[in-house]
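Index from 1, following the sequence.
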Amino acid sequence: MVLIATTAAAAAPAVDRFRDPGLPLSVRLDDLISRLTLDEKISLLHQYEVPIPRLGIGFFKTGTEALHGVAWTTDFYHGGAVVTAKGTVFPQAVGLGSTWDPALIKQVGNAVGQEARGYNAENPTLWDLNLWAPVTNLLRDPRWGRNEEGYSEDPYLTGAISSAYGKGIEGDDPRYLQAAPTLKHYLAYNNETNRVTSNSAVPPKILHDYDEQAFKPALTANAATGVMPSYNLVNGRPNTVSPDLGSTVRSWSTNDLAIVSDAGAPSNLVWPELYYATKPAAVAAAIKAGLDSFTDNDNNPGIITDAVKAAVDQNLLTVADIERADRHLLSLRFRLGEFDPPSAGNPYARITPAVINSPAHQALARKAADEQVVLLRNDNGALPLTADPAKKVAVVGPLADTLYTDWYGGSLPYQVTPVQGIMDRLGAGANVSSTEGVDRIALKDNATGRYLTAPTADGALTEGPTTAGGNESMDVFDWGAGKLTLRTVANGKYLSLGPNRSLVNNAAQPNGWFVQQQLKLDQQPDGGYVLEYAGNDAGGGNRYAVVGADGAVALTAATPAAATNFTKQVITSGVADAVNAVTGADTAVVVVGSMPFINGREDNDRTSTELAPAQLALVQAVQKANPHTVVVVENSYPTTGWDKQTAPGVLWTSHAGEETGHALADVLFGDVNPAGRLPQTWYASDAQLPSIQNYDIAKSGMTYLYHQGPVLFPFGYGLSYTTFRYDNLHVSRQGSATRVTVDVTNTGPRAGDEVVQLYTHEQQSRVQQPIRQLRGFQRVSVAAGQTKNVAFTVQGGDLAFWDVTRSKSVVEAGAYDFQVGSSSQDIRQQASIAVPGETIPPRDLSRTTLAQNFDDYQGTTLTDQSKASGTSVAATAGAWLAYKDVQLTGGGTLTASVSNPNAAPAHITVKLDTGQVLGTVTVPSTGDKYKYVSVAAGLAKVAGRHDVYLSFDGLANLYSFRITR
């Protein structure tokens, strides 16, 4: 049999070898690459891989966005224009994370992969099969603008959800990929402010035990086919040229990976990062680091391909470097079945556009929206509501009858708003009323007495009559941080920045990269108001509204004093409307939250976690008017301010897609027993939050792993309409693993899902360990009165952490607490067990020690030792590093590898825990950050175990050091 197959393969026409599915992939790759010219090989390195007609190779593009459904793509043949999908829109990623249900998320991923194939069948040059999802960045800080894109602050939960989503996208065929998921964005990326030039300083333990662990699970499970490095720098080096790409990241997967850049990131290396002087040097470094595909210069591949050619000519790259990248990219195309004949049996090649937003996918969208709802408060059984059509329900709030899309979601194919969902649930004769609860205002020019007026068709705002009618009326939506949107009554559209800085009413919803519908009404000392433009591109220029002599309104004033002064006339009060609507109602449902394009989105961090003031006032007024008030918080992140309101029932939902309203009604009326759990901590206030650019979660006390202060709602929190009891916890050793079992009993009146969470805590350790750490979870369905036994297995290696003294992962021997409960702060059962492992020996500083492997620090950051690899400590005057539990063996010499680009020398002083000074070494000027020299100084004689401190009196970079006898 083998001989026959080999002979047949050998006899196949040479031109067909790369198209022969009977040959090994490596052989097919070799054959195809051997047929390509150098120019053709280079052409494959851009996002848009143009056709190679002579070989019958078609167009291929990396990057259809598919975060929670197929979202959008770019059209190479029409100027790179964005084309938005209109397929199934599932809940936002943070909502998928709150389901704690990997089995469901795999189904969602599979639906997304099917729809990607459906779109590809419709237009293969527009809708590619390399999907840029999931986002596996950890939700370290709730102010991160892209919080909606991640799953959780915890790496274990993130890994489980991302693996499920990726597996679903790929499909279950052993040979072919349904579609190809790409993980975003490697690594330690959680701030949008200055994201291209900001440096995430991440100590080794946090880097290995926290940030990397978000990406590793999906790759080790072969649930991703690629990775996208992030814009930012990590420890001084842009991630686009991180050596991790070609080493660490690829080592986690047994399959080939296609590593693609983020949009524009290669150009960023030259400016504004100023990391390389020329584009050929930049692209060469990126390819050598492990990058395969350049997303840059929109639909103009020539700039990148010319730079790669120049890099070859300048001997910065070899043809082998280019071919290595080509193999990664072509391997993906082979696995998608592109080069196979129809007879090869690719099951995904038969998928048609009929799958897009199919009834089955709509039902799945509703199930996902159901499962992600979190019940935050339920005082005195305020929920569920009685589904009686005769009872009056008032649904109020700015999100009561609106669904918003987000930057990485598709266009909603249909919309079930909260009002519509409640009306559908109550059926014919339902007694449901609704109001948005926002102020309707008019703006009168105090100089002329005339009101701003809007046209009934899309057009420019002008000054009009001296009385306010419908065309002079605008509805004010408060999204917090002083940012408003103004929707004109004239045509129901939002004011937006228009031509010549005019204001036009042409936006159906706030949208766009710069979100040019954001405005502010700034009250002046005289009581009047000026209208300020607050779009993302506002900058410091002319942004205040001025009414010209011709009555036209333009944003042309640089200061409030130069702007037109208005009287804000409140035509109708939103609070009064809401109070009127809820007075006498059996139930009031207030729907508040966020607009995903405003205050928290890519390129725009939040400045506060507080609920918008007008929305908080609305909640308080409604609750005062009607004690039977339920609040729905529909947003993409944790929100503070709940200590200021007392509504007995509170639900949280993400912007959950087309079926949001049905899902809310399902939970409100008890058709679905809520079991969503918070995937991140809801802190008590902004005051608890450090700088958003502090990535050392252990030192800053961030996430449930290290946070010691009070919280509004803890990680893993969520209530149910029933209750659960935990009994009979058993913890035992089974070989190198730990087996944990517990009985969970539904002690309430109805069936429900409980999310059983397993945490561990190491009782004693050489280093600071998390307060507790998630090691397993199961979402289990338990009937009323039923008991289910829930089992977990924790492998020995799962308890490992990064030992900075020896630069490796270790499991410490000792007693570990195994804790089971319904949230990170609601532990129901706990048992301790001895876990075998290592005892970390004292530090041996006689061996060369990397400076970054400190135990503690102050006043330092981490920086790149060279552009290619290595991490150094960058210190300033007054900074220090601590290396604890060091075994000293007497006098000796400190030898250090240092650099100092400054003219003045600096000094490093060696001290002990007692304060004793052992010696000082001078760091001379080296003239270049990357020019390191070896310096040495004698030390006083000391023996025994001590903590050793290195203190600095000036600017210096320390790469490594050792203390020898």
Side-chain angles (χ1 to χ4, degrees), residues 194 196-204 232-239 241-243 268-278 281-282 285 691 693-696 845 848-854 856-883 892-912 915-940 948-964:
N194 300 322
V196 171
T197 55
S198 64
N199 178 41
S200 304
V202 192
N232 58 301
L233 289 68
V234 168
N235 297 340
R237 184 178 296 104
N239 279 328
V241 290
S242 169
N268 292 342
L269 293 167
V270 179
W271 189 89
E273 290 170 346
L274 304 176
Y275 207 68
Y276 293 98
T278 67
S691 165
Q693 293 190 222
N694 188 337
Y695 280 77
D696 187 348
L845 295 185
T848 298
T849 297
L850 295 177
Q852 67 167 326
N853 287 330
F854 46 72
D856 200 2
Y857 63 97
Q858 179 175 293
T860 65
T861 190
L862 294 167
T863 190
D864 51 333
Q865 190 263 347
S866 74
K867 290 183 183 294
S869 63
T871 299
S872 294
V873 174
T876 58
W880 54 260
L881 301 170
Y883 303 86
T893 301
L894 170 71
T895 305
S897 176
V898 295
S899 76
N900 178 5
N902 306 287
H907 302 88
I908 304 174
T909 299
V910 184
K911 300 179 182 180
L912 295 187
Q916 178 183 357
V917 174
L918 301 186
T920 299
V921 65
T922 298
V923 181
S925 172
T926 63
D928 187 332
K929 170 184 176 179
Y930 299 113
K931 183 179 180 181
Y932 280 76
V933 296
S934 180
V935 296
L939 301 178
V948 173
Y949 290 79
L950 305 182
S951 62
F952 299 78
D953 69 355
L955 300 173
N957 299 316
L958 175 63
Y959 176 60
S960 64
F961 69 96
R962 59 194 177 104
I963 297 175
T964 54

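- Between Tyr857 and Tyr949, the distance separating the two ring centers is not shorter than 6.0 angstrom.
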task = Go through Gln865 and Thr871 one step at a time and tell me if the side-chain contact (heavy atoms from CB on, under 4.5 Å) criterion holds.
result = CA-CA 5 Å; Gln865 190 263 347; Thr871 299; 5.9 Å; no
request  = Give the C-alpha distance, both sets of side-chain angles, the deciding distance and a yes or no for side-chain contact (heavy atoms from CB on, under 4.5 Å) between Lys911 and Trp880.
outcome  = CA-CA 10 Å; Lys911 300 179 182 180; Trp880 54 260; over 6 Å; no
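- Annotation: side chain to side chain contact (heavy atoms under 4.5 Å, CB included) contacts of Ser925 (sequence neighbours excluded): none.
- In this structure, CG in Leu950 is found 15.0 Å from NE2 in His907, a value given to the nearest 0.5 Å.
- Under the 4.5 Å side-chain criterion, counting only non-hydrogen atoms from C-beta, Arg962 is not in contact with Leu845.
- Under the 4.5 Å side-chain criterion, counting only non-hydrogen atoms from C-beta, Phe854 is in contact with Leu862.
- No side-chain donor from either of Tyr932 and Ser866 sits under 3.5 Å from a side-chain acceptor of the other.
- Each of Val935, Val873, Val921 was evaluated against Val898; a single residue qualifies, Val935, per the side chain to side chain contact (heavy atoms under 4.5 Å, CB included) test.
- The shortest side-chain heavy-atom distance between Val948 and Val910 falls under the 4.5 Å cut-off.
- No side-chain N or O of Tyr275 forms a donor-acceptor pair with one of Asn268 less than 3.5 Å apart.
- Taking each heavy atom of Ala906 and Asn900 in turn, the nearest pair found is N-ND2, 3.9 Å.
- A donor atom on one side chain and an acceptor atom on the other are not found under 3.5 Å apart for Thr863 and Ser872.
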message = Determine whether Leu912 and Leu918 satisfy the following criterion, side-chain contact (heavy atoms from CB on, under 4.5 Å), listing intermediate values before the conclusion.
response = CA-CA 7 Å; Leu912 295 187; Leu918 301 186; 3.7 Å; yes
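- Once rounded to the nearest 0.5 Å, the distance linking CD of Glu273 with CG of Asn232 reads 9.0 Å.
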